[in-house]
Structures are given as structure tokens and as C-alpha cells.
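The structure under discussion appears below in the form of C-alpha cells.
Each chain gets a letter, A, B and so on, in the order the sequences are listed, and its residues count up from 1.
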Amino acid sequence: MSILTLLFYAIALLIVVATAMAVTRRNMVHAVLYLVLSFFGTAMLFYLLGAPFLAALEIIIYAGAIMVLFLFLIMMIRLKTLPGMFFPVGQLLPAILISAGFLVVSSVMVGRNPAGWAPMPAAQASPLAFGVYLFQTHWLAVEIASMLLLVALVGAYVLGRRVRGPSADAREEAP
Amino acid sequence: MDTLLGLIVLLIKIAVMLGGLLLAASYLVWLERKLLARLQIRLGPNRAGIFGLLQPIADAIKLLTKEDIVPSAADGFIFRLAPAVVAVTALLMFAVVPLGPDIRVFGRAVPMVITDLNVGLLFVFALSSLGVYGVALGGWASNSKFALLGGIRGAAQMISYELALGLSLVPVVMLAGSFSLTTIVDAQAGIPFIVLQPVSFAIFVISAMAESKRIPFDLPEAENELGAGFHTEYSGMRFGLFFLGEYVHIQVLGALTAVFFLGGWHGPLLPPVVWLMLKIFIVAVIMIWIRGTLPRLRYDQLMALGWKVLIPASLINIVVTGAFIQFGTI
């Protein structure tokens, strides 16, 4: 067992534990923090597997931007902790079904290719190589994703406009 | 043997860097108090030692010996964690800042940087975006209205200006062709990027100042409306850590401005490390000067400046830079 293998399992354990803690916390801020810890684990895993660029992006986008936004909303809304079961049955069942399905599909995909079981050689992808590969081989997927984001942006804009009626300004003007 | 030697060299470099940073941070406080006092026609600290030079040491002793109070309604663990997040993220950024060209010690090349990551710029950016957790969580965990408002403002402000900060550095990466801070400095051996990218420089300085939460962007701690904002409930050295984080952040800002736009350690006559320190010093003095001069922005002005001016300007700047690289002579 090499040191890389040890590191891999330690980080994997960290990710699993942090994520489990995140989905079972009743305090939303604690849940967000455990999720951030789990993203840190994922970033470390990316770095370990030789993708420093992805590791940095994982931290910047997920831990640094999206989770800050979550935290911001939780702090603004100040949710009251509800009594009763944390997971209502109506949410629990679909969650279990979807994750079981995902587990089956991913294990079948890993198992189908015997090369997937071979240990990976140590390598590191430079940001330049990663960019060239992404935009030469998978440019269509990148374009589709950016189109999706544009649609989401326009949608958010439309939703944001509808709430603010023309009367809001008029009310503000009146002393 | 080589591994052990490398480890020893690394530990020495980290120790020197941390020691220097903390010392500089405490004297930056002195410099700021002195300069602000002169700008406001006062004398500033002048009791402890000649010119008040022992004041930072007196302050440090005072902070360390004060009682550490955790409010009973606070979330204990997060309350204790938040100041450390602010200080650690600020200190860690210096791990990728190159202080000079490689030097030779006993025939071995020793790089004058703790670690030359090939994603160094993104590393700095990631740490700067994590620094907001200290502010937001400190404000939330205090369980106080003023602190919470400060924390929320901090989170909103950081999200808004992070985008402009990141986009303003894209042209620098395009010109240098690398995320590594060492390569970016090397690319400025001839002309510093401030000459080629004045717009980028302006956007970077404005949004980096917003990230460091100083006047005119100090809404998270606006003392005349929020007490002390996110650190209202902190006392003793935990407050000291927030303070330390702020002053290390000024040095970070100076170092990053120097590395990305002012040519890093490049300069005639003087040794490279001196040039870098000189550039950091100049940026720090300008920031103190700005603090003594400008009023605080209103919240809507802050948001409008970030989203409606800086982000569009940086996007246009990226396109123009791309056109110049493709068709021009840069």
C-alpha cells in the first residue's frame, strides 16, 4: 500500500463522513459548513489524482461562491428548526431510489471496463493541457452548458422583475 | 537525504515568511495610526518608545492578556473558528508569492518562493474567496443583530466583487500564458503589465480593496451604524486575529498588485527582495491614504459599482485584450 493509496482512502473517508454529517444536521449553517468540508475533500482528491486546475476550481466555485451564497440566504432568512422527522417519508423514498439507481449505474459502468480496476499511473495535467483538451474534444458540451446557464440567467432576471411591480417605486416616493 | 534537506529548507522559508509577515503586520498598524493621525492633524501614538515605535508590542501584549469572552448565546465552536479562518486565509496566500529569482546556496538552486504551484493565481483567488467565511460565520455565530448584519453585508459584498476581481486577472493570465505567479513575474521582465493593462489594474485594485473590507468599502464593520460589524462581540486575541488578518491582507494586496501589475521583484540596482518590499510598502501607504481621504460608500452605490461598472468593464477588457493578442503586436 503506497502513501498515495493511504491518502486516497483518508480523503475518501473525510468526504463520506462530511457529507453524511451535512445531510443529517438540523442547524443549516452547520450543514453548509460540513458540505464545504466535503468540497475541500473533493478538491484534495482532484489534486491527488493530478488535476490541480479542477481542484482550484472546485474550491473557488463550490466552496467559495455557491456555498457563500447558501450561507448568505440562510443568514438572511433565519430558518426556524421544525419539530418532527428531519426527512419526511415523501422525500426520503425518492432520495433512496435515486441514489440506489445511481450506485447501480456507476458500478456497472466501472465494472464493464476491466482497465478501470488497474491502478492509475501518477500524472499531472497542466491547466494548458486541460483547456486544450476540453475545448478541442468537448466543445459541444461546453457550448450546451453555457447555453443552459444563459437560459437560467434570463429566467432569474424575468422572475426578479415580476416581483417588483411598478407600484413599489411610487410607494417609495410618497413620504 | 535530499528529501530531508528539502524539508529543512522549506521549514526555514515558512518560518522566515511567517515571522516577517507578522512583524510587518504589527508595524503596519503603527504606520497606519501614525499616517492617519498626520492626515487628521493629530500626533498619533507617541508614548511607548521613540515615535511610539513600541506601541505595536504594547498592543500585542494587551490583546494577548485580555479575557477571552464568548457570549452565552453564541455558537461556541464556530465563534472560536471564525477569526482563525480570516487570519489563516490571509497568511496562506503568501505561499505562492515569489520574492526573487532562484538563489544558490552551497551549489544548490533554492527558489525564493515557498511553493510554485502551476495554478498559483487560482490558489490565491480560492483563498481570497474562502476568507469571507470568517466574516460571515463570525457575524452569524455571535448571535447579535449588529454582528449578523455585518456578516450578511460581508458575504454579499464579497460575492459581488469576487467576480470582478477574477475577471480583471484574466488579461494578465492571457498575456503571461500561465497561472503560475513565478511565470507571471518573469513575463514582466521587460514591461510591467500596468503599462499594457491599465484598465485591468484599476479594476483589480478597486475590487481587491472591496475584498479587504477597508474604507471606502468597510460596510461589514461600519462602526457608526453597526457598532463594529461582524466582530462586535469579539474580545482579546480573537479580535486580534481579525485585526491581524486585515493587516496581513493589506500586505497580500500589495504583493499581488506588485506581482500581477508592477513587475514583481524586477527593478534596477536594488536587490529583488527589496524591490518587492518597496512595492508592497507603496501600495500599503496608498491604501492608508485612501482610508484617510474617502467617505464610505452607500450600500446601493457599492452594489452598482460592482455589478454595473466593474464587471462589464472587465469583460470588455478581456475581449479587447484577446483581439490585440490575436491580431496585434503584443
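For chain A, the nearby part of Ile78(B) is the side chain; its heavy atoms alone come within less than 4.5 Å. Contact annotation for Leu69(A): both backbone and side-chain heavy atoms come within less than 4.5 Å of a heavy atom of chain B. Contacts of Leu71(A) with chain B are made by side-chain atoms alone, with heavy-atom separations under 4.5 Å and no backbone atom involved. Contact of Phe130(A) with chain B is not made at all, since no heavy-atom distance falls under 4.5 Å. Contact of Leu163(B) with chain A is not made at all, since no heavy-atom distance falls under 4.5 Å. Both the backbone and the side chain of Ile152(B) have a heavy atom closer than 4.5 Å to some heavy atom of chain A.
Between Phe179(B) and Phe123(B), the gap from one ring centroid to the other reaches at least 6.0 Å. Phe230(B) and Phe146(B) have their aromatic ring centers separated by at least 6.0 angstrom. For Phe260(B) and Phe193(B), the ring centers sit 6.0 Å or farther from each other. Aromatic rings of His138(A) and Tyr133(A) (six-membered ring for Trp) have centroids within the 6.0 Å cut-off, being under it.
Although no hydrogens or angles enter the test, the distance criterion places a donor-acceptor pair under 3.5 Å between the side chain of Tyr161(B) and the main chain of Leu302(B).
Listed options Leu128(A), Val36(A), Leu57(A), Val32(A) were ranked by heavy-atom pairs under 4.5 angstrom with chain B; first place goes to Val36(A).
For the residue pair Gln197(B) and Asn317(B), a side-chain donor N or O sits within less than 3.5 Å of a side-chain acceptor on the partner.
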